[in-house]
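The shown structure was predicted, so the numbers you read here are calculated from the model rather than taken from an experiment. In what follows, every chain begins at residue 1, and chains take the letters A, B, ... in the order their sequences are listed.
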Amino acid sequence: MGVALRPLLADYKESPGWEDLGGVAAIDAFNALYQFLSGIRQSDGAPLMDSEGRVTSHLSGLLFRTANLIEKNITPVYVFDGKPPAFKAATLSKRREVRAFAKESWENALKEGDTESARKYAMASSKVDAYIIESGKELLSALGIACIEAPEEGEAQSSYMAQRGDVTYAVSQDYDSLLFGAPDLVRNVTISGKKKIRGKVISISPERLRLDAVLKGMSVTREELVQIALLIGTDYNSGVSGVGPKTAVKIVSEGKFYERISESDNAAEPDVLIDYFMNPPVNTSYKIVSRSPDHDKVIEMLCEEHGFSLDRVEAGLERFGAKKGQSTLDSWF
DNA sequence: CGGACAAA
DNA sequence: TTTGTCCGG
């Protein structure tokens with residue numbers, strides 16, 4: 001998912017503490033929901049579900065993560081995707097295939113009693129569907145968290161809001177926001193500082209990338225960074241075979257972008273894709289409104305409708321108001 | 001993923 | 001106080 005720019009950005013990573021991250025964070029909702037959906041699972045890979053079989057993993061994740069962010073003086077704003085651009089179709093279709101294969105492998109692993117593989121495949125089979133999005137919005141709204149609808153890509157919308165200064169930074173695990181012009185991108189905005197990767201425990205902490213520092217360090221313009229990404233491959237194109245990050249930088253620095261990108265077989269003209277990153281469709285008349293949680297509504301939704309433990313939800317909700325010196329109602333334009 | 005609790 | 005394990009719905 002996203003762009004494989006990681007190796008090029010390694011030198012420009014900052015490691016902020018939570019005290020440096022206070023402010024308003026535009027969170028890529030799809031990205032966050034996917035993380036909850038794939039990560040919050042039982043050992044056999046099954047997500048949390050209510051008695052009716054409806055998935056609740058994302059609701060648990062949203063409640064507790066939001067409580068954590070509020071306690072750290074971070075006001076989250078969730079930004080939801082609209083319609084994907086036409087040239088994303090191939091990527092979306094590939095993701096469907098990957099999910100279908102993972103689902104099959106999950107079932108097979110369960111039959112063989114291989115719970116470790118089962119969990120891995122279950123995670124890969126995660127699908128952020130309409131129910132996940134609607135129920136996620138419903139909970140966020142009850143929690144008093146602002147939700148913004150993007151006309152197309154959420155990351156483009158977040159980037160625009162960060163450029164305008166209406167949010168302090170964009171939050172996503174993907175790097176696409178930089179291509180869309182987000183001046184400030186923060187990854188790993190997660191609380192449990194540890195993560196199991198291939199059986200090993202690695203500590204995870206917030207990671208910040210400033211577009212200015214990246215462009216200055218690489219001595220490129222944003223448009224050139226977009227060209228580098230297109231040569232490597234993005235959600236909108238397949239890139240040029242045999243070209244990785246290092247070669248892509250070289251090609252662009254030699255002014256051979258158009259020459260080399262023509263080797264790839266992409267659904268859209270390179271200039272169309274460049275323009276999409278440089279001037280994406282965004283909603284310019286959004287209004288960010290945050291308020292304190294509607295306690296009764298949250299209890300009704302989580303406890304009565306979805307069978308959450310009252311004690312746990314109450315404990316989570318209590319953490320929302322606990323921050324001193326924070327007004328309960330803030331709004332921006 | 002994140003919370004709770006036990007063990008070190 | 002830190003680390004590990006289990007459970008949530």
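The two residues A/A142 and A/R291 come nearest to each other via the heavy atoms O-NH1, 4.1 Å.
Per the geometry, CD belonging to A/Q42 stands 14 Å off C1' belonging to B/dC1, to the nearest Å. To the nearest angstrom, P of B/dC1 lies 12 Å from CG of A/N31. With rounding to whole Å, A/L48 atom CG is found 13 Å from B/dG2 atom P. Distance, A/E71 CD to B/dG3 C1': 12 Å, rounded to whole Å. One can place CZ of A/F64 at 17 Å from P of C/dC7, the figure rounded to the nearest angstrom. Between A/E318 atom CD and B/dG3 atom P the separation is 14 Å, expressed in whole Å. Look at CZ on A/F36: it is 16 Å from C1' on C/dG9, rounded to the nearest Å. Between the CD1 atom of A/I191 and the P atom of B/dA4 there is a distance of 14 Å, given to the nearest Å.
No contact: A/S43 has no heavy atom under 4.0 Å from any strand. Counting any heavy atom pair closer than 4.0 Å across all strands shown, A/R65 reaches sugar-phosphate atoms only and no base atom.
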Practice item. Tell me, with the steps shown, if A/N188 and A/S205 meet side-chain hydrogen bond (donor to acceptor under 3.5 Å, both in side chains). Key: CA-CA 6 Å; A/N188 300 338; A/S205 52; 5.9 Å; no
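A/E152 and A/Y276 form a side-chain donor-acceptor contact under 3.5 Å, judged by distance and modelled atom types alone. Of the N and O atoms on the side chains of A/Y121 and A/N108, not one donor lies less than 3.5 Å from an acceptor on the other residue. A donor-acceptor contact under 3.5 angstrom links the side chains of A/E314 and A/H295, judged on distance only. Side-chain atoms of A/S285 and A/N283 include a donor-acceptor pair closer than 3.5 Å.
Of the residues in residues 112-120 of chain A, not one comes within less than 4.0 Å of DNA chain B through any heavy atom.
Within the structure, every side-chain polar atom (N or O) of A/R41 is placed at least 4.0 Å from both OP1 and OP2 of C/dG9. For the pair A/S38 and B/dC1, the criterion of a side-chain N or O lying under 4.0 Å from OP1 or OP2 is not met. The side chain of A/N68 places no N or O atom within less than 4.0 Å of a non-bridging phosphate oxygen (OP1 or OP2) of B/dC1.
For A/F308, whose side chain is taken as the heavy atoms from C-beta onward, the closest listed nucleotide among B/dG3, C/dG9, B/dC1 is C/dG9. Among the nucleotides C/dG8, B/dG2, B/dG3, the one closest to any side-chain atom of A/T190 is B/dG2. Closest contact between the side chain of A/M49 and the listed nucleotides C/dG9, B/dC1, B/dG3 involves C/dG9. Checking C/dG9, B/dG3, B/dG2 against every side-chain atom of A/R319, the shortest atom distance belongs to B/dG3.
The cationic atom of A/R54 (NZ for Lys, CZ for Arg) does not lie both less than 6.0 Å from the six-membered ring centre of A/Y131 and within 45° of the ring axis.
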